[in-house]
Amino acid sequence: MAELRTEEEQVQALKDWWKENGKSLVVGVAAAVAIVLGWKAWQNNQQQQAANASALYQNLTEAVQLATGGVGDAQYSTAAHLNEQLRSDYADTAYARYAALMMAAMDVNSGEPQAALSQLDWVIDNSDEVDDIVRVAHLRKAMLMSQQGQADAAIDLLKGVDAGNYDVQFQELLGDLYADKGQTEAAFAAYDRALQLGGGEQLRPLLKMKRDDLAGAES
């Protein structure tokens, strides 16, 4: 009888616990299921977004290759349309920023520097952090600005961003800009810095030539 009472007490205790906690347990399980399903749905959406952006970028790349090969304005128009679609629908993806860099190069080749600058500005303005894509955009923008006689602005642009993995390229371009302005000492220092960062004179013979030419000009 004692054993029976113990079992009855256990059953009653379980009933009492369920009465007090069953509702919150069900709600908790439902919430957990909703979170898991929501997370999976978000992941699936992200994967689909990436796949769509990748397909558009691939089509744009093919159009650019055809346009570069001299196919004509139709391919350029196709590339421009795909670029706009990436910018409007997938602006937060790397594909959209790479596409803008590619279109900027096409605009330069087509003699449209202002259009190229607009593409590069879009890359810079639509990036949450300074990554290598942004650094390339700054480099290309500084080159275009220099060609338009805006050496001072180009120098300020380069000096205002973390060069990261592109430190050698930044320093070399700074050297070019200073040299164009006739600031030999600053140009020499930038070239020398680029040589040091780039592994030395043997690995960068053309850069060494630029630096040494300045040394000869000063003597």
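Residue numbers run from 1 in the order of the sequence given. Below, all heavy atoms of this structure are taken into account, side chains as well, without hydrogens, waters or symmetry copies. Small disclaimer: the values here were computed from a predicted structure and weren't measured.
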Item to complete: Can you spot which of Thr184, Ile155, Leu173 makes a side-chain contact (heavy atoms from CB on, under 4.5 Å) with Tyr178?
Response: Ile155
Discussion item. Using the rule given for side-chain contact (heavy atoms from CB on, under 4.5 Å), can you reason through Leu117 versus Gln148, listing the C-alpha separation, both sets of side-chain angles and the distance that settles it, and then say yes or no?
Written reply: CA-CA 11 Å; Leu117 285 171; Gln148 295 179 330; 3.5 Å; yes
Discussion item. Quick check on the hydrophobic clustering: are Leu195 and Leu197 connected, directly or via other members, by side-chain heavy-atom contacts under 4.5 Å?
Written reply: no
Worksheet item: Is the closest side-chain heavy-atom distance between Ile124 and Val161 below 4.5 Å?
Response: no
Worksheet item: With a 4.5 Å limit on heavy-atom distance, are the side chains of Tyr76 and Met103 in contact?
Response: yes
Item to complete: Measure the spacing between CG of Leu139 and CG of Leu158 and express it to the nearest 0.5 Å.
Response: 6.0 Å
Discussion item. Please check: side-chain N/O of Ser88 versus main-chain N/O of Glu84, any donor-acceptor pairing under 3.5 Å?
Written reply: yes
Discussion item. Tell me whether Arg97 is salt-bridged to Asp131, with the criterion being a basic N under 4.0 Å from an acidic carboxylate O.
Written reply: yes
Worksheet item: So Arg211 and Leu207, side-chain contact (heavy atoms from CB on, under 4.5 Å) or not? Walk me through it.
Response: CA-CA 6 Å; Arg211 186 201 61 181; Leu207 185 53; over 6 Å; no
Discussion item. Are the side chains of Pro113 and Val108 in contact, using a 4.5 Å heavy-atom criterion?
Written reply: no
Discussion item. For a side-chain contact (heavy atoms from CB on, under 4.5 Å) check, start with the C-alpha distance between Leu144 and Leu120, then their side-chain angles and the critical distance, and finish with the verdict.
Written reply: CA-CA 10 Å; Leu144 284 174; Leu120 296 173; 3.8 Å; yes
Discussion item. Is any side-chain heavy atom of Tyr90 closer than 4.5 Å to one of Tyr95?
Written reply: no
Fill in: Residue Arg193 excluded, over 12 heavy atoms near CZ under 6.0 Å
no
Item to complete: May I ask you to check whether Gln119 and Asn83 show a side-chain donor-acceptor distance below 3.5 Å?
Response: yes
Worksheet item: So, are Glu172 and Lys210 salt-bridged, with charged N and O less than 4.0 Å apart?
Response: yes
Worksheet item: Which pair of non-hydrogen atoms, one from Met106 and one from Ala79, has the smallest distance, and what is that distance?
Response: SD-CB, 4.4 Å
Worksheet entry | Shortest non-hydrogen separation from Ala187 to Ala179 and the atoms involved | CB-N, 3.6 Å
Response to the item:
Closest heavy-atom pair, Ala91 versus Ala96, reported as atoms and distance to 0.1 Å, is CA-CB, 4.1 Å
Worksheet item: With a 4.0 Å cut-off, would you call Lys159 and Asp156 a salt bridge?
Response: no
Worksheet entry | Spacing of Ser127 atom OG and Asp132 atom CG [to the nearest 0.5 Å] | 11.5 Å
Worksheet item: What's the spacing between Gln114 CD and Asp121 CG if we round to 0.5 Å?
Response: 9.5 Å
Item to complete: Supply the atom-to-atom distance Asp167 CG to Gln196 CD, rounded to the nearest 0.5 angstrom.
Response: 11.0 Å
Worksheet item: Looking at side-chain heavy atoms only, is the closest gap between Thr93 and Tyr57 below 4.5 Å?
Response: no
Discussion item. Please find the pair of heavy atoms, one from Phe188 and one from Leu214, that lie closest to each other, and give the distance.
Written reply: N-CD1, 3.5 Å
Worksheet item: Does Asp128 CG have over 12 foreign heavy atoms under 6.0 Å away?
Response: no
Worksheet item: Out of curiosity, does Met209 fall in the hydrophobic cluster containing Leu174 (side-chain heavy atoms, cut-off under 4.5 Å, transitive links)?
Response: no
Fill in: Leu56 CG to His81 NE2 distance, which is reported to the nearest 0.5 Å
8.5 Å
Fill in: Arg204 side chain near Val168 side chain, heavy-atom distance below 4.5 Å
yes
Worksheet entry | Nearest-0.5 Å distance, CE of residue Met102 to CG of residue Asp107 | 12.5 Å
Worksheet entry | Verdict with reasoning, Tyr191 to Asp212, per side-chain hydrogen bond (donor to acceptor under 3.5 Å, both in side chains) | CA-CA 9 Å; Tyr191 287 145; Asp212 293 348; over 6 Å; no
Worksheet entry | Side-chain heavy-atom pair His138, Lys141 within 4.5 angstrom cut-off | no
Practice prompt. Verify side-chain contact (heavy atoms from CB on, under 4.5 Å) between Ser146 and Asp180, making sure each step is shown before the conclusion.
Written response: CA-CA 9 Å; Ser146 174; Asp180 289 342; 4.1 Å; yes
Practice prompt. Using a 4.5 Å cut-off on heavy atoms from C-beta on, say whether the side chain of Leu177 contacts that of Asp152.
Written response: no
Worksheet item: What heavy-atom pair brings Ile133 and Val123 nearest, and what distance separates the two atoms?
Response: CG2-CG1, 3.8 Å
